[in-house]
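Below you'll find the structure, written out as structure tokens, and then a few comments.
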Amino acid sequence: MNSQFQARQIKQIWQRGVARRQFLKWGLGGVAAATAIAAGGFALLRRSPHDELPTPDWVTGLSAAEYHLFDRARVVLLPVEGTPLVDSEAVPVVANVQTTLSYLDPATRKELGAGLSLFDNVVVFSHGCRFVDLEDAQARALFDRWGEGSVLQRTLTTVIKQLVYSAYWQEPATWPPTEFDGPVSEKWGLEYLGNAPMPQQPTIDVEQEQA
Amino acid sequence: MSQVKWQASGLQVHQASDVTSEHIALEADVVVVGSGAGGAVTAYELARMGKRVIVLEAGPYVPSQAFTEDFTESLHALYQDKGGQANSSGDLLVLQGACVGGSTVVNGCVCFRTPDFILQDWQRDFGLSELTEAELAPYFDEVEQNLSVHDNGEHEIARHGQVIRAGANKLGWSVKPLRRNIRQCGLTGHCLSGCKTERKQSMLVTYLPWAQAHGARIYSDTRVEKVVTEGGVASGVEAVVTRHDGTVAATMTVKAPRVVLAAGAVQTPVLLLKSGLANRSGLVGKNFACHPSLLVAGRYPEPIHPWRGAMLGVHVDEFMHPDKGGFILEDGGFGLVEMTMLAEPGTGKPFMEYMENARYLAGLVTLIHDHNVGAIEWDGERKAINYQLSDADFPSMKRAIKAAAKLHLASGATEVYVPASDKRVIRSEADIDLQVDSLENDPQHLRMVSYHPQGTCHMGADPDHSVVKANGETHDVPGLYVADASLLPTSIIVNPQITVYALATRIARHMS
């Protein structure tokens, strides 16, 4: 497959996705769901230096490209310079994303994979390289611009952001600088009340009801 | 009447881990599908009348002591689809409990009676002449007493509720304490992760143990796949018991002349569609409404710590009647993960600065009286929630956002974040129209959540235009009942749990 053909194919996929109003799902707590974007077998338009980088041993539920995409998104989306916040390097962000994605049913997971591949590759048209190779500022500007863009652009950025954000902020290590208390019942020594007492005789009985 | 054997804590639940045979065959007088608001109440009412009752719950049994108060973990452990249940467009998360006790385990404890003007709509438009305020009042009285429903005391109105109340008073808007089903609230703010110390009066600590005390048997990990009929009359169900690793532990059949579906407004119609039953009207799964909600956050000059104190304290009912807007506002606490979905104050540094200052935020939940434009569908393999905010409802949504922004500003907020996909910050009254009027009713623009799916097997007098009768029995299949929020003919604006408790009580009394 030559690159011109690939480019045409990507454009068609893009247009089809928008025209049919088929979108990635996203979810609270970073639980992403489906994409109905057509097209399996979406080949890479341009090689990236990231393609040569190894992935950690724990990466079993993400493709290498997905791992690098989320790791790049981690850096772009979670800067902490000049703040008391915990460096995302110290938190298992991508591992948490992998866990969340493992809860998706296989069909949805496959569709999401197509969406992620589209996100990584389609910026070649506008930036001349894949998402994973964008400079930090370029990548952030891309997220902001797409947040105001077409339905498909909004969907893809929302999914990636939600996955990365929740994967970071779910970690207790990130909480102290914000003063978030986390679980408290045990810390406070709250007693268990147990089951509620049985109710008194109901005020409406069956005979009354049927009378 | 069975001998009452109430236990002080926990439940005796048959779980997949207990299964020793490939097939389980049971018999009962009533089989109840689902253990949430409708199922638990029905089970108790019928068990105390001496009926042999079996409750089948698709989700796991998670005892209170196992709750972690970690929202992400709770989504995975206690919620439908691990917290990822969404509409087909993916821009509306439909949060439902999927565990023994159902959504009552993970809700915010808010208890409203069905507004009278809603009941009047039902009487006028659906022939439900017997569902009057006077008829239902004794049922509401009873369930409220059973569940310790009370107006929030002053100590149950957290800082975020206090500032909102002050703002509402300044505007002259009607603001009231929320009523909640809770005993000795621990003020942890972790309602959505389940109440670890058993203060929330969910079905897990109330009607289910009471039903069990009267002999009801509860099976978790058990998904009903089909309702069975004989000669057109309900005769039982077929189910599958699944281990937590996803493998099948056993198949199950329950023979029972009464089948009560109480699996919620998404799963109940799916089950009817799978079974090919009760759909003469073609309305099974149709008429879906869900109170699409937004959480509008405001940033205050002083720390609020929105995760501290009771999660829900007060509500503004100034605009509840459809003639006045058709929405309510509830002050709502939240934690860090929930906060990540609220707003987009820019990517990178602006977002991290926003999160770093999370303690200065307070939230308002908007609930709108949406029209029943959605549908639950089953394609043979997967369910689909087809719901898009209608153009008719979009003005209500915008009015609710504007009111929330105005209220935050009156309460002293310096910034209000519109929960949209792009950056929209309101800093003064002059910004409100500018930021809200330009919102579009497009998928993936507003960050919506639904906690209240309803309406998919709605009640009505006419069998050609409704699925069930006012007594909960399906028009088409004698002995087959629905007792959950699927029943509601229209959305009711307010949190529906008490409405379901009251209707389920009434249905069970009529059945018995």
Side-chain angles (χ1 to χ4, degrees), chain A residues 21 23-34 76-80 83-85 103-105 107 136 140 143-144 147-148 151 154-155 157-158 161-162 165-166 169-170 174-175 177-186 188 190-196 198-199 202-204 206 209-210, chain B residues 4 6-9 49 64 68-72 75-76 82-84 86 89-90 93 138-139 141-142 146 183-184 186 188 196-199 201 205-206 209-210 213 305 307-308 335-338 340-341 344 346-349 351-352 355-356 358-359 421-422 442-445 449 509-510 512:
Chain A
R21 285 191 155 199
F23 324 104
L24 285 165
K25 287 184 178 180
W26 62 281
L28 180 65
V31 182
V76 168
L77 295 173
L78 302 167
V80 297
T83 77
L85 300 176
Y103 295 130
L104 298 180
D105 66 79
D136 288 2
R140 287 171 190 145
F143 274 116
D144 276 342
E148 301 170 356
V151 170
R154 294 201 300 265
T155 303
T157 53
T158 301
K161 282 183 168 183
Q162 289 293 306
Y165 289 160
S166 65
W169 290 104
Q170 75 187 63
T174 65
W175 301 344
T178 68
E179 299 179 12
F180 179 58
D181 301 311
V184 292
S185 287
E186 287 183 5
W188 294 351
L190 294 180
E191 63 173 333
Y192 287 87
L193 296 192
N195 294 331
M198 296 281 285
T203 53
I204 316 164
V206 179
E209 181 62 36
Q210 291 173 340
Chain B
V4 177
W6 177 79
Q7 65 181 56
S9 70
M49 299 294 178
S64 307
T68 63
E69 298 184 331
D70 178 303
F71 186 57
T72 306
L75 282 172
H76 298 161
K82 309 283 187 188
S89 310
L93 193 67
Y139 296 101
D141 289 343
E142 188 178 317
N146 288 347
R183 287 194 297 155
Q184 302 172 42
T188 69
K196 187 172 178 62
T197 54
E198 299 160 328
R199 287 145 200 276
Q201 298 299 279
V205 298
T206 57
W210 303 341
H305 295 102
W307 44 82
R308 291 183 183 166
L336 293 182
V337 170
E338 298 96 302
T340 63
M341 70 168 292
E344 285 296 335
T347 302
K349 280 191 177 176
F351 181 80
M352 294 302 267
M355 292 299 293
E356 183 188 346
R359 62 188 175 281
S421 62
D422 51 358
D442 276 346
Q444 295 288 352
H445 196 193
V449 179
R509 301 273 168 86
H510 279 267
S512 66

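To find a chain, count down the sequence lines: A is the first, B the second, and so on, and within it residues start at 1.
Contacts with chain B were tallied for A:Trp169, A:Phe180, A:Trp188, A:Phe143; A:Phe180 has the most, counting heavy-atom pairs under 4.5 Å. Highest contact tally toward chain B, considering only A:Glu191, A:Met198, A:Lys161, is held by A:Met198 [criterion: heavy-atom pairs under 4.5 Å]. Ranked by heavy-atom pairs shorter than 4.5 Å toward chain A, the options B:Thr188, B:Thr68, B:Asp70 are led by B:Thr188. Highest contact tally toward chain B, considering only A:Gly182, A:Pro183, A:Pro84, is held by A:Pro183 [criterion: heavy-atom pairs under 4.5 Å]. Chain B forms more heavy-atom pairs under 4.5 Å with one residue of A:Thr83, A:Val76, A:Leu78 than with any other, namely A:Leu78. Among the candidates B:Thr347, B:Asp422, B:Asn146, the residue making the largest number of heavy-atom pairs closer than 4.5 Å to chain A is B:Thr347.
Only the side chain of A:Asp105 comes within contact range of chain B, judged by heavy atoms closer than 4.5 Å. The contact between A:Pro177 and chain B is made entirely by backbone atoms, counting heavy-atom distances below 4.5 Å. For B:Trp210, the parts lying under 4.5 angstrom from a heavy atom of chain A are both the backbone and the side chain.
Side chain of A:Arg154 to backbone of B:Gln444: a donor-acceptor contact under 3.5 angstrom is found. Under the 3.5 Å distance criterion, the side-chain polar atoms of B:Gln201 are left unmatched by any main-chain donor or acceptor of A:Ala196. With B:Glu69 contributing its side chain and A:Val184 its backbone, the two residues share a donor-acceptor pair below 3.5 Å.
Within the model, atoms CD of B:Glu344 and OG1 of A:Thr158 stand 7.0 Å from one another, a figure rounded to the nearest 0.5 Å. Distance check, rounded to the nearest 0.5 Å: OG1 of A:Thr178 to CG of B:Leu336 gives 4.5 Å. With values rounded to the nearest 0.5 angstrom, B:His76 atom NE2 is found 5.0 Å from A:Tyr103 atom OH. In this structure, B:Thr197 OG1 and A:Glu186 CD are separated by 10.5 Å, a value rounded to the nearest 0.5 Å. Atoms CG and CD, from A:Leu193 and B:Glu198 in turn, are 7.0 Å apart once rounded to the nearest 0.5 Å. We find the CE-OH distance between B:Met352 and A:Tyr165 to be 8.5 Å, quoted to the nearest 0.5 Å.
Looking at every heavy atom in both residues, A:Ser166 comes nearest to B:Val337 through CB-CG1, 4.1 Å. What you find for B:Ser421 and A:Gly147 is that their closest heavy atoms are OG-O, 3.1 Å.
For the pair A:Asp181 and B:Arg308, the minimum side-chain heavy-atom distance is below 4.5 Å. Between A:Tyr192 and B:Lys196, some side-chain heavy-atom pair lies under the 4.5 Å cut-off. At least one side-chain heavy atom of A:Leu190 sits less than 4.5 Å from a side-chain heavy atom of B:Arg199.
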